[in-house]
Amino acid sequence: MAQFDHLAEKVLRGFASRTSRRSMFSVLGGFLAGAAALPLLPVERAGAAEPNSSTDPNSGQTAPQGSGNPQDPGDPTKCDYWRYCAIDGSLCACYGGSANSCPPGTEMSPITWIGTCRNPADRRNYIISYNDCCGGVAWGRCPCQNNQGDRPVVRPQNNNEVTWCFGTKSQSYTCSTAIILGVAIDQK
Amino acid sequence: MAQFDHLAEKVLRGFASRTSRRSMFSVLGGFLAGAAALPLLPVERAGAAEPNSSTDPNSGQTAPQGSGNPQDPGDPTKCDYWRYCAIDGSLCACYGGSANSCPPGTEMSPITWIGTCRNPADRRNYIISYNDCCGGVAWGRCPCQNNQGDRPVVRPQNNNEVTWCFGTKSQSYTCSTAIILGVAIDQK
Amino acid sequence: MTASVPCAAPKRNCARFTTIVVAAFAAAAHVGTAEAAADFPNPLPAETIPKVETLPAKYPTTWSFLNYAGDRIELRNVGGDSREVKGQLPAHDSATFLVPDKRPEIYVADTVWSRGSRGTRTDFITVYDTHTLNPVGEIVLPGAKRALITAMEGLIAFTDDQRMALVFNFTPASSVTVVDLTKRQVLGEVEIPGCSLVYPSGARGFSTLCASGTMLTVRLDANGAVTGRTESKAFNPLDTDPLFTASTLVGGVRYFPSLHGRIQPIDMRGDEVKVLPDWPLVTAADQAGEWRPSGWQVVAGDEQKLLYVLMQPQAHEGTHKDPAAEVWVYNTPTKTRIKRLRLVRAGSSISLTHGAEPLLLVQAGERLDVYEPGGSLVRSLDLPGFHTRMQIEPVR
Amino acid sequence: MTASVPCAAPKRNCARFTTIVVAAFAAAAHVGTAEAAADFPNPLPAETIPKVETLPAKYPTTWSFLNYAGDRIELRNVGGDSREVKGQLPAHDSATFLVPDKRPEIYVADTVWSRGSRGTRTDFITVYDTHTLNPVGEIVLPGAKRALITAMEGLIAFTDDQRMALVFNFTPASSVTVVDLTKRQVLGEVEIPGCSLVYPSGARGFSTLCASGTMLTVRLDANGAVTGRTESKAFNPLDTDPLFTASTLVGGVRYFPSLHGRIQPIDMRGDEVKVLPDWPLVTAADQAGEWRPSGWQVVAGDEQKLLYVLMQPQAHEGTHKDPAAEVWVYNTPTKTRIKRLRLVRAGSSISLTHGAEPLLLVQAGERLDVYEPGGSLVRSLDLPGFHTRMQIEPVR
């Protein structure tokens, strides 16, 4: 994380120091608009297509989900999914959301903290944004606590204990997502 | 319960029909004042005196409580305590209250429903008032569901699904008690 | 520091925005010198923020609402894909709900206090949009009267072709609050002293079960005012064999089982209810086993002619809410049992989905077991932490 | 039907009062023809209604508060009698609390929304009476700014001899709301950009940990206005070996462990903090085992000279909040470890009771294990359903 944080500081100095929070929001807005144009992973579509008839009818378990993309392996309803290396909370994929989307009726906070997780398939380190979903029902299903890169709240942007519900109608926590922002800088 | 309910109806006709609800409250008040003068069971005092050093230190269990009175046998923190034959809810004895008292910071509802339970020690049938405690923290510890004498809500005074928090500052349910009102009529 | 104060030195809270700034930076430029696996030449693309799932405005009949009563209302797919939880609706103390098929809305009647478990009480109906599950309206119910009783049938009901909602109040005086759901306003209150719960009856009105063993039927005008009251003869022997308050519709007739095993049909389609002859669920042959209806939502119907009842052997005083070992299926025209389904797990609440091939849903402890009508278990959904009672309402 | 309307016919809601009326009747007359056992000639007497338990205004030091963070705050007897739960206080989202020894009051800083998880947000401090646990006052915190962070040390603190409370805000801008607890009113707000959490320091003021690795100290006047700010040199290497934000007082000095195993003492008694030399918790001999502090409330002190730290072997990046296998005890004057306690269950939070013979409390999953200082388990209390983090605060 160290180098990355340095980058952060640098970007920050060269950027934030000339910018008010409001205009940063608008920058963020711009980025989002841009990102929205990018192709999306078919995570939950693919999941929805999978029948779970193959599983033991008496198991009580949800059939495994998956992106259907070999480059994005694992089950987003399980705590060991690669993107969750620094998540702390309940997994939205268990509440009607997915690894990168909020359940219906909740609101995704635009302000959050990020970590860096290694994708076991392409062996790249990705910058993951842990956006919380807010304003819905929180009831502790699929709790998941991984702290890779988590740091004490003295550096909030690297802390997963904060309820990241800012700029949302309600600041009440519902669940957490893990969204790919891009590839991280080589940590060698 | 049948005969008892008939009595109820009779008492009711001969009494309630000439009485407004407000004055019934005052009658209740009068009764309470009277009852307060009666000697009380040393239920929780006795409990407080018992050390639980005898129990396995690693058990995680609360040492058995008890009234210390052989005529009132059993553990009020357990669902099989004789007074709980028709209780539905969380046992106040697990929350800082006792079989017949509310936990600190809660309020006991004066209006409630009653059942009849048989005391295995003196083999008498007692009229038990299931007063709910209201306005505190409810979190489902020591849940207990016994339905002896419970009847559908069409006869609310014999129904244990109703939140009996009436005449209290808050109608939010916390836990339930089982209070001796007197000896029931012989059910033979 | 307010939102509009400029953010100057690094030590100021700009630090919090590192994430966003870097995000924009990294995602835009795709900075990535990590050794890329030969078989994945391109990194995974950046994903959209924010992204919130939506649902079809009209849900498939393989979904069902599960009311956890006092906790939440869940929308689950019981028909088989791997993403069983579709969404949740907040639901607090004794919350009940209505799902119309006329409008893309869901109505949840709920109660909160201004400080959690104390403070000012507010009863309210929240109007949710079926497509987004976002709250789109609210109707505050006056008087803090809404009955706080374990969520079950009869606490809230539609009438007037789903234009009106009827909310049962218990203070412990009984009344019904009449709500216009299209105008989203309260129309008025109808006192029903000595009677409990509301069941839709006639074109515009409701019936309620009275402590005297009768059924009181109330007719309403378009403004929710009472235009008539009729009381049936006494048919509900509360002292000897009271009816469960759970019922189901079969062929337009409402069927109430009794604690000791009768079934009481009542035709509520007309302006006056017709109390039809009751008949036994338990034949002489079954008497020995002491079989009785048992559970919470104890009865279900396929709306054509079949009646499903949770049944428990060795029943006696106080067992009427115990989980039941079997579901007995009756043909209502012939009044005969046509099937006995032994459950994998003893069940407390049952319901049937409304699809062409209905599924039998059985809440059994911390499981929701899904059976095909033949009686074989299709799948079992977990209900983690569930320890109270469940109201099952499959999508229509 | 309102409370004052007379109650005439049996079918009216008088039925609800059957219970009370019969109660009075039966209890007064002691109607009882049930065959009485010869050995119990008299029936059990009627009991008082209503009856609510109270607590001593001053609690014994064998009791402890347990903050379930977002759920409730429990008051438990960890010292041995059979009624371990003494009471609960409502606590919602990220609630924190303060227990003074100067006044018979408890202060809980909490947050609610007007419709449960949505609606208008209100942050407030509830003042509870220690004797009754009844709410006796409320202080609303303006701006909906209170930090919603898993309950832990540093979110709220006393200063000015417990007259003032300091509430940490995070929006994500950082500030501190200053509250007068005796007048029960908010005095003002102090911005602490780039810094986090509040620790009491000096006679009237606080210190806070900054993202630049320094500690900022703020002095206040009697009205809560800032009279001075001093910033220490940087001593908290956030990139390489940051300090936990959990700390403990030993001999008036506050000790912060670091993620990699240093201990950083800071003397906060004066108007300016003294950053004392740090020293290693892990000797060269322990290096091989990769022992590091690990858990949530990772450190405790006996206030005289002993320091207790939760320690976990094979520690590496990301394990710093994992439950720890041992508690290591240090003599702070000699800066040496004097004891290793192997825990019965791996623990996440520890604290010491404040009695003459302190007990070591260890939250380990769904248990609160109680050890005597020698390290043997005295008892284990169950924490049913506990699945997050716990803040343990023994009674002083």
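Computed over heavy atoms, backbone and side chain alike; hydrogens, waters and symmetry mates excluded.
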### Side chain, backbone, both or neither of Cys94(B) within contact of chain D (heavy atoms, under 4.5 Å)
backbone

### Query
Which pair of heavy atoms, one from Leu133(D) and one from Pro104(B), lies closest together, and at what distance?
CD1-CB, 3.8 Å

### Side chain proximity check, Glu107(B) to Pro50(D), heavy atoms < 4.5 angstrom
no

### Query
Is it the case that more than 12 heavy atoms not belonging to Lys169(B) sit under 6.0 Å from its NZ atom?
no

### Query
Is it the backbone or the side chain of Leu89(D) that comes under 4.5 Å from a heavy atom of chain B, or both, or neither?
backbone

#### Entry: Non-hydrogen atoms of Ser98(B) and Glu53(D) that approach each other most closely
OG-OE2, 4.0 Å

### Task
Decide, yes or no, whether a salt bridge links Glu74(D) with Arg141(B) under the criterion of side-chain N to carboxylate O below 4.0 Å.
no

### Query
Would you call Pro90(D) and Val137(B) a side-chain contact if the rule is heavy atoms closer than 4.5 Å?
yes

#### Entry: Leu44(D) side chain reached by Arg124(B) side chain, heavy atoms, under 4.5 Å
no

### Task
Apply side chain to side chain contact (heavy atoms under 4.5 Å, CB included) to the pair Asn58(B) and Arg345(D), showing each step before the final yes or no.
CA-CA 10 Å; Asn58(B) 197 11; Arg345(D) 270 172 292 273; 2.6 Å; yes

### Query
How many angstroms lie between CG in Asn100(B) and OG1 in Thr48(D), if you round to the nearest 0.5 Å?
8.0 Å

### Query
Tell me, do Ile49(D) and Leu181(B) make a side-chain contact under 4.5 Å, heavy atoms counted?
yes

### Task
Can you measure from CD (Glu47(D)) to OG1 (Thr177(B)) and round to the nearest 0.5 angstrom?
9.5 Å

### Any donor-acceptor N/O pair, Gln88(D) side chain to Tyr95(B) backbone, under 3.5 Å
yes

